Amino acid sequence: MGTRHIDADVAIIGGGPAGSAAAIACATRGLRVVLLERSRFTQERPGETMHPGVEPLLGQLGLAGALASVIGARHPGIWIEWGGPRRFEAFGADADGPWSGFQLRRTEFDSLLLARARVLGVEVRQPCAVTGVLADGAGLLTVDGPLAVRMVIDASGRARWLGRALGVASVARSPQLIARYGYVTGTCPVRDDAPAMVGDESGWTWTAQVRPGVYQWTRLTFKAPPDRDWLPLELRDLTPMSASRGADVTWRSSAEAARPGWFQVGDAAATLDPTSSHGVLKALMSGMMAGHLSAAVLHGRAPADEAACAYHAWLTGWFEADVARLAGFYRDVGVGLFG
């Protein structure tokens, strides 16, 4: 193995937050990294309201100085109407004043992470699709040709490219859940100050300002998904930017999130619906953890099988804790279908 040709230490499939975080973590530990992203990030991606506590993590990734360029709106908390009267939940405060969460502009955020990876020496191939696994399992086939590597990190999101190629099961932990989301332009003063989450026994609706004059909505119903032209009541006088889109957000976790030679990160490893409120955080942290463990293995500081087991246990523990919390969250509005 030590004498065979190697194109890179690590290949990463997917250039979203999980893949870029993994690439940055690997590169800062001296590994040669190739990141393969099949799209050009030309399509709008759903944003996410981030808790202010994520900012130190983004600082570790080297984004502190550029973060303001991808924040569309800031706000002190969230309005919640869920199993009781509407209430405002603030993010908190310290001696300097109230904390502010922020709404990420995902397309720009993903591009910023990739740019940071490039600065650190990561070879980013975009667009570049993965087409297969090398016969000896020591690399990938891509549209640009074969790529021999020592480690693969699957950050392909819900597509789970590597997991599917290797026959690793993805176990459903909920009924099928389809969320529909869209964007509208105009003015909605009630949403300018803070996002809102409203839920009942039929489903939930999320609305938020993502940047001045632009609002995002997400709707999940527990039976049939909403019609394509559905809009939240408070946004119905505004102008849709494009047709709404749907996403499968069924709760799932990989039967094996890692084995010697590969890791799954972000949604490729485990998926929850957006009420978990930390999809991007999970992506960043799992990518950073996989990058750290990959470096430990490749630098000879940790056995590959023990690193894989430790990662799987860490990620599965996090997922199970979230499943228990979200199941209780849904029971509060009379939904007992989850767990």
Side-chain angles (χ1 to χ4, degrees), residues 16-18 20-21 44-113 116 179 181-184 187-199 204-220 232 234-235 249 266-267 272-288 318 321-322 325-326 329:
S20 291
E44 187 72 38
R45 298 181 173 205
E48 182 166 329
T49 297
M50 303 295 292
H51 189 282
V54 77
E55 293 191 57
L57 187 68
L58 295 173
Q60 292 180 36
L61 292 168
L63 300 185
L67 187 59
S69 67
V70 297
I71 294 176
R74 298 205 73 134
H75 44 80
I78 301 172
W79 286 102
I80 296 179
E81 187 175 330
W82 193 284
R86 179 168 291 208
R87 64 191 186 277
F88 184 75
E89 289 196 358
F91 288 122
D94 56 24
D96 296 325
W99 298 340
S100 292
F102 51 94
Q103 192 77 19
L104 284 174
R105 299 201 305 268
R106 272 293 306 280
T107 302
E108 292 91 334
F109 178 68
D110 290 4
S111 296
L112 181 65
L113 277 167
R116 173 61 179 163
Y181 64 94
Y183 299 83
V184 294
T187 302
C188 182
V190 70
R191 284 287 68 77
D192 291 346
D193 292 333
M197 168 68 83
V198 178
W204 55 260
T205 303
W206 168 265
T207 50
Q209 182 195 49
V210 294
R211 54 183 178 269
V214 178
Y215 304 86
Q216 179 189 336
W217 61 267
T218 302
R219 174 66 181 169
L220 186 149
E234 62 192 15
L235 302 179
V249 294
D267 284 342
L272 291 166
D273 75 67
T275 52
S276 65
S277 301
H278 55 223
V280 172
L281 175 63
K282 180 192 71 176
L284 295 173
M285 291 189 66
S286 61
M288 293 171 73
W318 188 356
D322 274 349
R325 180 176 61 87
L326 288 182
F329 196 46

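These values consider heavy atoms only, across backbone and side chains, with no hydrogens, waters or symmetry-generated copies. In this text, all values refer to a predicted model and were calculated from it rather than measured experimentally.
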Checklist entry - What is the minimum heavy-atom distance between Gln209 and Asp192, and which atoms define it? => result NE2-OD1, 3.3 Å
Next on the checklist: Can a donor-acceptor pair be found, under 3.5 Å and without considering hydrogens, that links the side chain of Tyr215 to the backbone of Arg191?
Outcome noted: no
Checklist entry - Side-chain contact, heavy-atom cut-off 4.5 Å: Pro195 with Trp206? => result yes
Item to check | Side-chain donor or acceptor of Arg105 paired with backbone N/O of Ser69 under 3.5 Å | outcome: yes
Checklist entry - Are the side chain of Ser286 and the backbone N or O of Gly266 linked by a donor-acceptor pair below 3.5 Å? => result yes
Next on the checklist: I want to check something: taking the side chain as every heavy atom from C-beta on, are Leu57 and Met288 in contact at a cut-off of under 4.5 Å?
Outcome noted: yes
Checklist entry - Does a side-chain heavy-atom distance below 4.5 Å link His278 with Val54? => result no
Next on the checklist: To check you understand the geometry: which heavy-atom pair defines the closest contact between Trp204 and Met197, and what is its length?
Outcome noted: CE3-SD, 3.7 Å
Checklist entry - With distance as the sole test, does Arg116 use its side chain to make a donor-acceptor pair with the main-chain N or O of Leu61 at under 3.5 Å? => result yes
Checklist entry - What are the two closest heavy atoms between Asp193 and His75, and how far apart are they? => result O-CB, 3.1 Å
Checklist entry - Closest heavy-atom contact between Phe88 and Ala194? => result CE1-CB, 3.8 Å
Checklist entry - Does any pair with a residue in residues 61-72 pass salt bridge (Lys or Arg N to Asp or Glu O under 4.0 Å), and if so which ones, sequence neighbours excluded? => result none
Next on the checklist: So, taking the atom named CD in Gln216 and the one named CZ in Arg106, what distance separates them when rounded to the nearest 0.5 Å?
Outcome noted: 10.0 Å
Next on the checklist: Is there a side-chain contact between Leu63 and Phe109 in this structure, where contact means two heavy atoms from C-beta onward sitting under 4.5 Å apart?
Outcome noted: yes
Checklist entry - Does the pair Met50 and Ile71 meet the rule for a side-chain contact (heavy atoms from CB on, under 4.5 Å), with working shown? => result CA-CA 10 Å; Met50 303 295 292; Ile71 294 176; over 6 Å; no
Next on the checklist: Which heavy atom of Ser100 sits nearest to which heavy atom of Pro52, and what is that distance?
Outcome noted: O-CB, 3.3 Å
Checklist entry - Any side-chain heavy-atom pair from Glu55 and Phe102 closer than 4.5 angstrom? => result yes
Item to check | Aromatic ring pairing Phe329/Trp82, orientation class (parallel under 30°, perpendicular over 60°, tilted between) | outcome: parallel
Item to check | Non-hydrogen atoms of Asp267 and Lys282 that approach each other most closely | outcome: OD1-NZ, 3.2 Å
Next on the checklist: What I'd like to find out is whether the side chain of Leu284 reaches to under 4.5 Å of the side chain of Leu58, using heavy atoms alone.
Outcome noted: yes
